[in-house]
Engineer: 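Let me give you the structure first, and then I'll get to my questions.
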Amino acid sequence: MAWWTAHNKKGRGADDVVFVREGFNRWALLFPLLWLAAKGMWVVLIIAVSAQLLIWAVAEALGFGEAMRLIFSLAINIIMGFEANDLLRWTYARRGYEEVGLVQGNDLDEAEIRFFSETALPAQPDAPPPPLPGLSRNWKSSEPDFIFPGLSRT
């Protein structure tokens, strides 16, 4: 069984809980940059691309061949495989999520079932989220949206 950490923003309901698996991430090993982009981890993606380019530049300056550059690139992939889930937790912490629990399960569904059967989180948030700055409260849902015609502004 694997361990999962549950993360939630303060004041949010049970629908906003996200789970991150502990341990090695094979998708981050195979496709590290695509995995980072898919998870929206832009700061880590920029650091990873910068590290990759720096390693290639140093390898080129020192006269290493293609084999050494391939080995260095594989080393970055292996490091990402081991550290990807920890970097995802770090990204959630930067976004205001806090760790609300640790649960064990064979897969995500089992971890969710165990977490919600043991933890009492409100189904709905206590207060609605604050309005985004700069947006008018006077929008009417009957007004058409010019970017996506046919959708209302609700």
Engineer: In this structure, are over 12 heavy atoms from other groups packed under 6.0 Å from Phe82 atom CZ?
Structural biologist: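 At most 12 heavy atoms, drawn from other residues, nucleotides or ligands, come within 6.0 Å of this atom.
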Engineer: Name each donor-acceptor pair under 3.5 Å that joins a side chain in residues 36-51 to protein atoms two or more places apart or in another chain, with its distance.
Structural biologist:
unit_1: Ser50; atom_1: OG; unit_2: Ile46; atom_2: O; d: 2.8

Engineer: Any chance you could pull the hydrophobic cluster mates of Trp3, using side-chain heavy atoms under 4.5 angstrom and chaining through other members?
Structural biologist: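 Trp3 clusters with Leu102.
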Engineer: Any idea which heavy atoms bring Val17 and Ala6 closest together, and the distance?
Structural biologist: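 In this case the closest contact between Val17 and Ala6 is CG1-CB, 4.0 Å.
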Engineer: If I compare all heavy atoms of Arg114 with all of Gln104, which pair ends up nearest, and what's the gap?
Structural biologist: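 Closest pair (atom of Arg114, atom of Gln104, distance): CD-O, 2.9 Å.
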Engineer: Rounded to the nearest 0.5 Å, how far apart are CG of Leu88 and CD of Glu83?
Structural biologist: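 Leu88 atom CG to Glu83 atom CD measures 12.5 Å (nearest 0.5 Å).
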Engineer: Nearest 0.5 angstrom please: Thr5 OG1 to His7 NE2, how far?
Structural biologist: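 Those atoms lie 3.0 Å apart.
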Engineer: Mark yes when over 12 heavy atoms from residues, nucleotides or ligands other than Trp27 sit less than 6.0 Å from its CH2; otherwise mark no.
Structural biologist: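 No - once you tally the heavy atoms of other residues, nucleotides and ligands closer than 6.0 Å, there are 12 at most.
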Engineer: Answer with yes or no whether the hydrophobic clustering places Val100 together with Tyr97; edges join I, L, V, M, F, W, Y residues whose side-chain heavy atoms lie under 4.5 Å apart.
Structural biologist: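 Cluster IDs for Val100 and Tyr97 differ.
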Engineer: Donor-acceptor pairs are to be reported for all side-chain atoms of residues 66-81 against protein atoms at under 3.5 Å, with residues two or more places apart or in another chain.
Structural biologist:
unit_1: Glu66; atom_1: OE2; unit_2: Arg69; atom_2: NH2; d: 2.8
unit_1: Arg69; atom_1: NH1; unit_2: Glu60; atom_2: OE1; d: 2.6
unit_1: Ser73; atom_1: OG; unit_2: Gln52; atom_2: NE2; d: 2.7
unit_1: Ser73; atom_1: OG; unit_2: Trp56; atom_2: NE1; d: 3.1
unit_1: Ser73; atom_1: OG; unit_2: Arg69; atom_2: O; d: 3.0
unit_1: Asn77; atom_1: ND2; unit_2: Leu29; atom_2: O; d: 3.4

Engineer: Do Asn85 and Asn25 have side-chain atoms, one donor and one acceptor, less than 3.5 Å apart?
Structural biologist: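 There is such a pair (donor and acceptor under 3.5 Å, judged by atom type) between the side chains of Asn85 and Asn25.
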Engineer: Should the ring pair Phe115 and Phe19 be called parallel, tilted or perpendicular, given that the plane angle runs from 0 to 90° and is split at 30 and 60?
Structural biologist: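 Because their plane-to-plane angle is over 60°, the rings of Phe115 and Phe19 count as perpendicular.
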Engineer: Within a strict 4.5 Å, meaning less than it, do heavy atoms of the Val20 and Trp4 side chains meet?
Structural biologist: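 In short, these two side chains do not touch, never coming nearer than 4.5 Å.
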Engineer: Could you state the interatomic distance from CZ (Arg89) to CD (Glu99), rounded to the nearest 0.5 Å?
Structural biologist: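 With rounding to 0.5 Å, CZ (Arg89) is 7.5 Å from CD (Glu99).
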